[in-house]
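Each residue takes its place number in the sequence, starting with 1.
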Amino acid sequence: MHIGRYVFSQITAILHQRQFRRIVDRYDDRTKKWSMSHWNHMLVLMFGQLIGCDSLRELTDITIAHGKKSFFLGFGKTPVNRQMLSKANNLRDHRIFEEFAFYMVSVAQSKRITKEFELHDRFYAIDSTTIDLCMSVFRWAEFRSTKSGIRIHTQIDISTEIPVFYRITNAKVHDVNSMDWFTYEPNACYVFDRGYFDLARLYRINAFGAFFIIREKGHPAYEIVDGEDILDGEDNVLKDQSIRFTKKENKEKYPGVIRRIVYYAPDLHRSFTYYTNNFYLTATDIALLYRYRCQVELFFKWIKQHLRVKRFWGESENAVRIQIHVAIITYCLIGIIEHDLKIRRPIVEIMRILGKSALTTGDISELLNPLKTQPKEINDRQLYFDFKFN
């Protein structure tokens with residue numbers, strides 16, 4: 001990070017431009033010779049994400065107003081107008097941005113993994129979120145008779161809070177179908193919501209040598225093989241049993257023994273029932289891991305509220321996909337900055353500060369780290385000379 005450069009330029013300097021160009025070169029994209037390169041295109045969209053633009057018009061109005069800074073911000077020598085940006089969103093291959101997004105995912109994950117988790121198994125949370133769209137505008141994403149929508153299926157690494165896999169589909173695609181897309185690692189643990197309760201697919205995960213934790217859906221019939229009710233409810237665990245399903249259909253889908261845990265959550269004043277093929281962790285740890293599933297929900301909240309995908313900057317499927325991929329790139333970039341600068345602040349705060357300061361000059365670390373305590377006695381003259389306008 002160099003003082004004198006715009007904050008936005010300092011942020012994007014972390015991006016691996018050479019890797020991005022390698023990806024672009026692999027695609028036969030007819031827009032390669034445009035004055036606005038793929039790199040300029042991506043940076044403009046990232047800028048819009050950071051400063052919180054709600055529309056393409058708002059984004060281009062701001063870039064044109066600051067046209068003299070365009071080159072130094074990485075947007076190219078000439079300001080980006082709305083027609084040019086809209087055309088790029090519709091015509092450029094979204095797979096270029098998707099591939100770079102997964103590259104950024106791998107970089108962020110490798111940086112944010114902690115020594116503590118390197119010594120233990122890997123834990124992933126899997127879930128999806130649906131983004132509703134206007135039926136009259138996004139007809140290609142038909143969902144129901146009165147609305148359109150897309151669904152983002154995501155696998156989050158619990159230890160790093162980074163999405164290691166995601167796929168964008170029509171909102172009609174059910175969660176259980178997405179279970180076939182994930183690559184299951186031996187000894188890794190996958191935490192699912194009850195919307196993924198499919199015994200045949202869960203047994204397949206078991207066959208891969210991986211573990212799963214999932215909430216009960218319905219009340220499947222079973223017989224107890226081992227374990228019983230825990231009368232004293234130590235650590236809020238009410239039951240920890242080894243069971244076998246008795247209904248023919250369920251027995252054929254999951255013929256083995258499975259662990260059933262009933263856990264009481266005092267803060268919610270209710271109990272939850274979990275199924276898992278992990279017989280090594282304690283019942284309390286199983287319940288705790290399921291609560292860590294909220295990491296993926298926080299990611300979805302971040303995507304919807306802070307990365308501006310609720311209001312899309314284009315109507316075509318290609319434009320929507322590009323915007324989501326750039327949102328993922330931005331998320332990973334903020335995660336890398338938080339790690340490298342050892343900020344230890346919520347990412348929402350970091351996004352807010354960097355977004356409001358994107359066009360200022362100053363050291364990022366000074367913006368993000370808390371101000372040092374000022375001396376108790378300070379006169380007006382000293383305050384005047386210490387205050388600098390950028």
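Residue V7 is grouped with residue I14 when hydrophobic side chains (ILVMFWY) are merged at heavy-atom distances under 4.5 angstrom, including chains of intermediate members. In this structure, I51 is a member of the same hydrophobic cluster as F72, with clusters built from ILVMFWY side-chain heavy atoms closer than 4.5 Å. F211 and V257 are assigned to two separate hydrophobic clusters, defined by single-linkage of ILVMFWY side chains at heavy-atom distances under 4.5 Å.
With ring centers used as reference points, H94 lies 6.0 Å or more from Y27. Centroid-to-centroid, the aromatic rings of Y274 and Y290 come within less than 6.0 Å. In this structure, the ring of F212 has its center no less than 6.0 angstrom from the ring center of Y275. If you look at Y103 and H16, their ring centroids are closer than 6.0 Å. The six-membered or imidazole ring of F182 lies away from that of Y190, with a centre-to-centre distance of 6.0 Å or more.
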Check against side-chain contact (heavy atoms from CB on, under 4.5 Å), L85 and L59: CA-CA 10 Å; L85 190 56; L59 172 55; 3.8 Å; yes
Using the side-chain contact (heavy atoms from CB on, under 4.5 Å) rule, take K251 and T246 through it: C-alpha gap first, then chi angles, then the decisive distance, then the call. CA-CA 6 Å; K251 194 173 182 179; T246 55; over 6 Å; no
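Tested against V24 for a side chain to side chain contact (heavy atoms under 4.5 Å, CB included), the candidates E99, K32, Q19 yield a single pass: K32.
Counting all heavy atoms, side chain and backbone alike, C332 lies closest to M104 at CB-O, 3.9 Å. When all heavy atoms of S242 and F279 are compared, the closest pair comes out as OG-CE2, 3.4 Å. When every heavy atom of P220 is checked against every heavy atom of N250, the shortest pair comes out as CB-ND2, 3.8 Å. Taking every heavy atom of both residues into account, I214 and L202 meet most closely at CG2-CD1, 4.0 Å. Across all their heavy atoms, A101 and H325 have their closest contact at CB-O, 3.8 Å. Residues R201 and V176 come closest through the heavy atom pair NE-O, 3.2 Å.
A salt bridge does not link D29 with R92: none of the charged nitrogens is closer than 4.0 Å to a carboxylate oxygen. Between R259 and D226 there is no salt bridge, since no side-chain nitrogen of the basic residue lies less than 4.0 Å from a carboxylate oxygen of the acidic one. Salt-bridge annotation for D240 and R260: absent, with no side-chain N of the basic residue lying under 4.0 Å from a carboxylate O of the acidic one.
With no hydrogens or angles considered, a side-chain donor-acceptor pair links N206 and N277 at under 3.5 Å. For S178 and D175, the side-chain atoms include no donor-acceptor pair closer than 3.5 Å. Looking only at atom types and distance, the side chain of S365 has a donor-acceptor partner in the side chain of D363 under 3.5 Å away. For the residue pair N89/H41, the side-chain donor-acceptor check at 3.5 Å is satisfied.
Ring planes of F20 and H38: tilted class, angle from 30 to 60°. The aromatic rings of Y184 and F192 lie tilted to each other, with the angle between the two planes from 30° to 60°. Ring-plane geometry between F102 and F165 is classed as tilted, the angle between the planes lying from 30 to 60 degrees on a 0 to 90 degree scale.
Expressed to the nearest 0.5 Å, how far CZ of F75 lies from CE of M46 amounts to 10.0 Å. One finds the CD1 atom of I261 at 8.5 Å from the OG1 atom of T284 (value rounded to the nearest 0.5 Å). Separating the CD atom in Q17 from the CG atom in L43 is a distance of 7.5 Å, to the nearest 0.5 Å. Rounding to the nearest 0.5 Å places CD1 of I364 at 7.0 Å from CG of L341. Interatomic distance, R5 CZ to I11 CD1, rounded to the nearest 0.5 Å: 11.0 Å.
Partners of D340 according to the side-chain hydrogen bond (donor to acceptor under 3.5 Å, both in side chains) rule, which considers only residues two or more places apart in sequence or in another chain, are K111. Evaluation of the side-chain hydrogen bond (donor to acceptor under 3.5 Å, both in side chains) rule for T273 yields no partner, not counting sequence neighbours. In this structure, R167 has no salt bridge (Lys or Arg N to Asp or Glu O under 4.0 Å) partners at least two apart in sequence or on a different chain. Partners of L91 according to the side-chain contact (heavy atoms from CB on, under 4.5 Å) rule, which considers only residues two or more places apart in sequence or in another chain, are R30, T31, W34, K87. Scored by the side-chain contact (heavy atoms from CB on, under 4.5 Å) test, A200 finds D198, K253 as partners (sequence neighbours excluded). With sequence neighbours excluded, the residues satisfying side-chain hydrogen bond (donor to acceptor under 3.5 Å, both in side chains) with E185 are Y124. For the side-chain hydrogen bond (donor to acceptor under 3.5 Å, both in side chains) test, residues two or more places apart in sequence or in another chain that qualify with R95 are D93. Legend: residues meeting salt bridge (Lys or Arg N to Asp or Glu O under 4.0 Å) with R194, ordered by chain and number and at least two apart, are absent. For H174, there are no ring-ring contact (aromatic ring centres under 6.0 Å, His included) partners, not counting sequence neighbours.
Listed by chain and number, the hydrophobic cluster partners of I64 come to none, as no ILVMFWY side chain reaches under 4.5 Å of it.
Within the structure, every pair that satisfies the ring-ring contact (aromatic ring centres under 6.0 Å, His included) test and touches residues 250-272, not counting sequence neighbours, is listed here: Y203-Y254. Sorted by first and then second residue, the pairs that involve residues 68-84 and meet side-chain hydrogen bond (donor to acceptor under 3.5 Å, both in side chains), not counting sequence neighbours, are H66-K69.
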